[in-house]
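In what follows, a single structure is set out as structure tokens and then discussed.
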Amino acid sequence: MANEVVLLDFWPSPFGMRLRIALAEKGIEYEYKDEDLRNKSPLLLQMNPVHKKIPVLIHNGKPVCESLVALQYIDEVWNDKAPLLPSDSYLRAQARFWADFVDKKIYDIGRKLWTTKGEEHDAASKEFLDCIGVLEGELEDKPFFGGETLGFVDVALIPFYSWFLVYEKFGNFSVEAEHPKFIAWVKRCMEKESVSKSLPEQEKVYDFVALMRKKFGIE
Amino acid sequence: MSAEDVVLLDCWVSPFCMRVKIALEEKGIQYEERAEDLFGGKSELLLTSNPIYTKVPVLVHKGKPVCESSIIVGYVDETWASPPLLPSSPYARAQAKFQADYIDKKLFDAGSSIWRTKGEAQEVAVKDFIEVLKQLEKFLGDKDFFGGDSFGFVDIITIGITSWFSAYEIFGNFKVEDHAPKLSAWINRCMQRKTVAKVIPDPEKVYEFVINLKKMMGFE
């Protein structure tokens, strides 16, 4: 049976990057389609009618939406190589918990760093660093959240590194200065081709955000 | 295995706790329910086993905590195999998880907006809530349960919140059945199950709880 995989994505999306990394880790060939989110394609609207968002993984014509759901789907279908989730049910629950923590915190707090000012902005700066600290604590002395190899939480989290220039410039902090162990983990991830080839340059993301700020009149 | 092996930090009115209780009942697992007083003072066990959110439910299995209700239900399903709550095909599982995620993101908050608002804002809240119900009906289609012929994961994720529907209806002055008859039929179907009937509280008690909650939170 033909194994056709299409990824509807948007190049700066950390959620899309998650799927790019997983597909690369598993050695899966796929067609990448970059969406113009101001002018969503009929395919996107048809494949994700509920949320109309990217990423959408389309496998043999059938869509899977929501990046963490799609990561688990990829892990279950292509289970012969590079497992993302551990086999123990307790460790799986822990991995899902921390990926969910990343989902609940990093994107929204990070967004406040470049869209807000004053008290709200300063509170967000503090909260962002606190979250990095919590994640650093969870990592302990392991090379990756998944143990010896990249796992579910690593793949869920590392894409946000491509936004660190944005977060650090607008948040007015240095993650490395506050949480060096976290940056050491980042560097280990970035050594992997599946990761480095899936993330855009930080400068490119920064330029994109600068454009968005102008467009939305945020100064 | 004794009930002490499985402890649930619980609150009777929480739809999220109901999810876990139903899952455990479906699997025939004996467990110890420990009621948390969320307003009086959270227990030491809650604070240490869920330091990130300090919320219920928390399932403590052989001393190890699992947090976040949807994740706990998944853990229960994977730890005790029978009967399976999720389907076996990866695509069907992804659909179920997608629907559960939608319900997690939308249903409870949409309902809460109804009793936290008044006037025009409340009318908007009711309208938004009905839109969510209509989406749930799309997920359900003509099936008996969200997963098909058998009661499963998405049903478990959703049914608890329906015990709050009566409260939403009274505050918002509308009837779920008028706008989502298929969903109403699904609710009745689920309530026929022993496991569900055992766990779901009396909607009148939930309504009284919401009245007190409104007073406490200063929404009058």
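As the structure is a prediction and not an experimental result, all values here were calculated from the model. Every chain is numbered from 1, with letters handed out A, B, ... down the list of sequences.
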Could you tell me which portion of Ile52(B) (side chain, backbone, both or neither) has an atom closer than 4.5 angstrom to a non-hydrogen atom of chain A?
->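 Side chain only.
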Interface moiety of Lys105(B) toward chain A, non-hydrogen atoms closer than 4.5 Å |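 Just its side chain gets close to chain A.
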Interface residue of largest heavy-atom contact number with chain B, from Asp75(A), Val64(A), Val50(A), under 4.5 Å |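 With the most close heavy-atom pairs to chain B, the winner is Val50(A).
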Are there over 12 heavy-atom neighbours, none belonging to [X], within less than 6.0 Å of that residue's [atom1]?
{"X": "Lys112(A)", "atom1": "NZ", "result": "no"}
{"X": "Lys143(B)", "atom1": "NZ", "result": "yes"}
{"X": "Lys53(A)", "atom1": "NZ", "result": "no"}
{"X": "Lys40(A)", "atom1": "NZ", "result": "yes"}
{"X": "Arg189(B)", "atom1": "CZ", "result": "yes"}
{"X": "Asp34(A)", "atom1": "CG", "result": "yes"}
{"X": "Glu76(A)", "atom1": "CD", "result": "yes"}
{"X": "Asp149(B)", "atom1": "CG", "result": "no"}

Kindly indicate whether the side chain of Glu68(B), heavy atoms from C-beta on, has any atom under 4.5 Å from the side chain of Lys104(A).
->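 Yes - at least one pair of side-chain heavy atoms lies under 4.5 Å apart.
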Does the side chain of Tyr90(A) reach to within under 4.5 Å of the side chain of Pro65(B), using non-hydrogen atoms?
->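 Side chain of Tyr90(A) against side chain of Pro65(B), heavy atoms only: contact under 4.5 Å found.
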Working to the nearest 0.5 Å, report the span between [atom1] of [X] and [atom2] of [Y].
{"X": "Cys65(A)", "Y": "Tyr102(B)", "atom1": "SG", "atom2": "OH", "value": "13.5 Å"}
{"X": "Arg96(A)", "Y": "Ile71(B)", "atom1": "CZ", "atom2": "CD1", "value": "8.0 Å"}
{"X": "Lys64(B)", "Y": "Leu91(A)", "atom1": "NZ", "atom2": "CG", "value": "6.5 Å"}

Contact part of Asn48(A) toward chain B, heavy-atom cut-off under 4.5 Å: side chain, backbone, both or neither?
->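 Looking at Asn48(A), just its side chain touches chain B.
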Is any residue of residues 87-99 of chain B within less than 4.5 Å of chain A by heavy atoms, and which ones?
->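 Pro90(B), Tyr91(B), Arg93(B), Ala94(B), Gln95(B), Lys97(B), Phe98(B) fall under the 4.5 Å cut-off.
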Of all the heavy-atom pairs spanning Phe97(A) and Cys67(B), show the shortest one and how long it is.
->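 That would be CE1-CB, 3.7 Å.
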